[in-house]
Amino acid sequence: MANCLFCRIINREIPGSIVYEDDRIVAFNDINPQAPVHVLVIPRRHIESLNALTSGDDGIVGEMVRRGAAIAKEKGVSDSGFRTVFNTNAAAGQTVFHIHLHVLGGRTFTWPPG
Ligand code: 5GP
Ligand code: ZN
């Protein structure tokens with residue numbers, strides 16, 4: 001998608017601080033981190049949000065979640081604990097409409113979330 005910010009990061013049209021990539025997934029540091037560790041895990045394939053998922057996407061979503069957990073471990077926050085979030089549409093605060101898993105760690109989080 002030409003006008004999608006995250007597709008442009010994947011295609012190296014704009015810079016991203018990439019921490020992991022393979023042929024299906026890319027992960028990069030959030031530009032406005034909300035915790036000492038704040039990584040976004042995204043599929044290379046453009047999917048707008050959780051609302052657009054089909055059964056054919058089960059594999060990629062599983063890979064995103066497992067990769068998020070692996071990155072948390074690499075960053076040293078898996079034992080202390082980390083927060084994983086998919087924001088979907090306006091009320092949840094989704095601002096970029098290319099599905100992304102937030103992986104946040106390195107501080108204590110409250111519940112319920114804001
Ligand atoms: P959302 O609000 O859609 O769940 O999350 C979008 C995230 O993308 C936000 O946390 C925001 O800081 C991050 N973001 C927005 N623009 C950029 C950018 O150009 N580069 C990076 N690395 N992150 C961005
Ligand atoms: Zn996209």
Exercise. Are Leu50 and Val61 connected in a single hydrophobic cluster, I mean Ile/Leu/Val/Met/Phe/Trp/Tyr linked by side-chain heavy atoms less than 4.5 Å apart?
Worked result: yes
For this session: Group every Ile, Leu, Val, Met, Phe, Trp and Tyr by side-chain heavy-atom contacts under 4.5 Å, then state whether Val37 and Ile71 land in the same group.
Result: yes
For this session: Find the distance between OG (Ser17) and CD1 (Ile31) and round it off to the nearest 0.5 Å.
Result: 10.0 Å
Exercise. Atom CZ in Arg44, atom CG in Asp23: separation rounded to 0.5 Å?
Worked result: 7.5 Å
Exercise. Which heavy-atom pair separates Ala35 from Gly105 by the least distance, and what is that distance?
Worked result: CB-O, 3.4 Å
Should [X] and [Y] count as side-chain neighbours, where that means a heavy-atom distance under 4.5 Å?
| X | Y | result |
| --- | --- | --- |
| Leu101 | Val85 | no |
| Gln34 | Phe109 | no |
| Ile25 | Ile42 | no |
| Val39 | Lys75 | yes |
| Val41 | Val103 | yes |
| Phe82 | Leu104 | no |

Exercise. Aromatic rings His102 and His38: how do their planes relate, parallel, tilted or perpendicular, breaks at 30° and 60°?
Worked result: tilted
Short side-chain to backbone donor-acceptor contact, [X] and [Y], under 3.5 Å:
| X | Y | result |
| --- | --- | --- |
| Arg83 | Thr110 | yes |
| Glu13 | Arg8 | no |
| His100 | His98 | yes |
| Arg24 | Glu63 | no |
| Gln94 | Glu48 | yes |

For this session: Please determine if Asp57 and Arg45 form a salt bridge, counting it only when a charged side-chain N lies under 4.0 Å from a carboxylate O.
Result: yes
Exercise. Between Phe6 and Phe28, is a ring pair (Phe, Tyr, Trp, His ring centres under 6.0 Å) present by the stated rule, with each step listed?
Worked result: CA-CA 10 Å; Phe6 288 174; Phe28 50 94; 5.2 Å; yes
